[in-house]
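Below is one structure, written out as C-alpha cells, with a few remarks after it.
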Amino acid sequence: MKDGPIIATIASLIGDPARANILTALMDGRALTVSELANAAGVTVQTASGHLSKLSDANLLKAEKQGRHRYFRLSGEDVAQVLEALMGLAQRTGAFRVRTGPKDAALREARVCYDHLAGESGVQLLHGITQRGLVISQDETIALTDQGQQFFSDFGIDLESLQKARRPVCLHCLDWSERRHHLGGSLGASLLNAMLDKQWIKRAEGRVLTFTSKGRTAFENTFVCETADDNAG
C-alpha cells in the first residue's frame with residue numbers, strides 16, 4: 001500500500017487471536033488487569049504481557065498503574081468503532097462460530113460498545129430519536145435539533161458540558177449484529193450512564209446489558225417508535 005496511513009501494522013496486531021480476544025474484552029469500556037486479560041485471551045500472564053506491550057506501543061491501549069496492578073483500557077472510541085466494524089465484516093462474510101449460546105442472543109439484544117448502547121436496543125434508540133426529530137441523521141453525520149437539545153436536557157443530560165468537550169457529541173457507529181447504526185459519541189455514553197443510574201439497565205457478564213422490567217417499558221415509551229423496523233441512519 002503506497003497511499004495513506006499504513007494499515008498492515010495495525011491489522012496484524014488485531015489479527016492475532018489472543019490480541020483480538022484482549023481487545024474484545026475491553027470493548028465494554030472498563031479497565032482490566034493483566035491476569036484478567038490473560039484469562040479472556042486464554043493465554044498465560046507472561047504471554048498476555050507481551051501482547052499488551054505490543055498493543056500499548058501501537059497506541060491501541062493505554063495503561064494505568066494503581067497499587068500493585070496495571071490496568072489496561074482501549075485508547076479511544078475509534079478503536080472500539082474499528083473492532084465493531086470488523087465484527088460486522090466477519091458476520092457478513094461468514095467468519096463466526098458455528099455453535100452459539102445464550103450469551104450470543106443477549107449480546108445481540110443489548111450490549112456495551114465502548115461506553116454506549118449497542119445491539120438491537122441501540123439501533124432502536126437511534127431510529128426512535130431520529131423519527132421523533134430529536135436528531136438529524138444524514139449519511140455520515142448526525143446532529144441534535146433544537147427539539148432534541150430540550151429533550152435531552154429534560155432527560156438529565158448536561159449538553160453544555162458535552163458540547164464544550166473535544167469528543168463529538170453524536171456519532172454513527174455501525175452495529176455488527178444489526179448491520180445498521182447505533183448512537184455513539186458523548187451523547188450515546190451519557191444516555192447509557194443515565195439509563196444505568198435510573199436502573200433501566202443493568203450490567204451482566206462481559207459486554208452484555210439487561211433491561212429491568214420497568215426499564216424496558218420506560219425505554220420503549222421514551223425512545224422506541226412503532227416503525228423501528230425501517231432503516232435507521
Side-chain angles (χ1 to χ4, degrees), residues 1-64 70-100 103-104 107-108 111-119 122-123 139-142 166-168 170-186 188-189 206-208 233:
M1 180 178 177
K2 296 181 179 180
D3 299 318
I6 300 172
I7 64 172
T9 302
I10 298 297
S12 65
L13 285 169
I14 296 175
D16 178 88
R19 291 195 287 267
N21 285 334
I22 286 172
L23 292 166
T24 302
L26 295 169
M27 282 281 285
D28 65 358
R30 293 181 294 181
L32 299 177
T33 64
V34 177
S35 58
E36 289 170 331
L37 291 169
N39 183 60
V43 297
T44 66
V45 170
Q46 183 178 5
T47 300
S49 294
H51 288 312
L52 290 167
S53 179
K54 291 179 180 179
L55 292 169
S56 298
D57 288 345
N59 294 318
L60 294 175
L61 300 182
K62 56 183 179 182
E64 303 170 9
R70 291 183 76 207
Y71 290 84
F72 292 84
R73 65 172 72 248
L74 298 182
S75 61
E77 185 175 11
D78 54 350
V79 180
Q81 289 176 328
V82 168
L83 295 171
E84 187 83 2
L86 285 172
M87 291 176 187
L89 180 60
Q91 172 80 3
R92 183 181 68 78
T93 56
F96 52 86
R97 296 187 304 275
V98 176
R99 295 184 180 181
T100 59
K103 186 176 179 181
D104 295 274
L107 280 169
R108 291 170 186 274
R111 65 181 180 273
V112 182
C113 177
Y114 188 60
D115 59 4
H116 54 266
L117 178 64
V123 170
D139 299 324
E140 299 299 319
T141 63
I142 178 170
R166 296 178 62 184
R167 183 180 183 185
C170 300
L171 281 177
H172 279 138
C173 188
L174 184 61
D175 196 281
W176 72 259
S177 56
E178 294 296 303
R179 303 300 299 153
R180 291 158 62 187
H181 290 114
H182 59 246
L183 178 66
S186 59
R207 296 174 63 197
V208 174

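Computed from heavy atoms alone, side chains included, the values below leave out hydrogens, waters and symmetry copies.
Remark: Thr141 engages Gln138 in a side chain to side chain contact (heavy atoms under 4.5 Å, CB included) (not counting sequence neighbours). For Ser53, there are no side-chain hydrogen bond (donor to acceptor under 3.5 Å, both in side chains) partners, not counting sequence neighbours. The side chain to side chain contact (heavy atoms under 4.5 Å, CB included) test applied to Leu32 returns Ala25, Leu26, Glu36, Leu37, not counting sequence neighbours.
We find the CD1-CG distance between Ile22 and Asn39 to be 11.0 Å, quoted to the nearest 0.5 Å. Rounded to the nearest 0.5 angstrom, Asp115 CG and Met27 CE are separated by 10.5 Å.
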For His181 and Val123, run side chain to side chain contact (heavy atoms under 4.5 Å, CB included): C-alpha distance rounded to whole Å, both residues' side-chain angles, the deciding distance at 0.1 Å, then the answer. CA-CA 6 Å; His181 290 114; Val123 170; over 6 Å; no
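Listed by first and then second residue, the side chain to side chain donor-acceptor pair (under 3.5 Å) pairs involving residues 8-20 are Arg19-His51 (not counting sequence neighbours).
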Solution key, residues 72-89 side-chain donor-acceptor pairs under 3.5 Å, sequence neighbours excluded:
from, atom 1, to, atom 2, distance (Å)
Arg73, NE, Glu64, OE2, 3.3
Arg73, NH1, Gly29, O, 3.0
Ser75, OG, Asn59, O, 2.6
Ser75, OG, Leu60, O, 3.2
Glu77, OE1, Arg167, NE, 2.9
Glu77, OE1, Arg167, NH2, 2.8
Glu77, OE2, Arg167, NH2, 3.3
Glu77, OE2, Gly185, N, 2.9
Glu84, OE1, Arg207, NH2, 3.4
Glu84, OE2, Arg111, NH2, 2.6
Glu84, OE2, Trp176, N, 3.2

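Looking at heavy atoms from C-beta onward, Leu183 lies out of side-chain contact with His116 at the 4.5 angstrom threshold.
For the pair Asp175 (side chain) and Gly119 (backbone), a donor-acceptor distance under 3.5 Å is present.
The heavy-atom pair separating Ser49 from Val34 by the smallest distance is OG-CG1, 3.5 Å.
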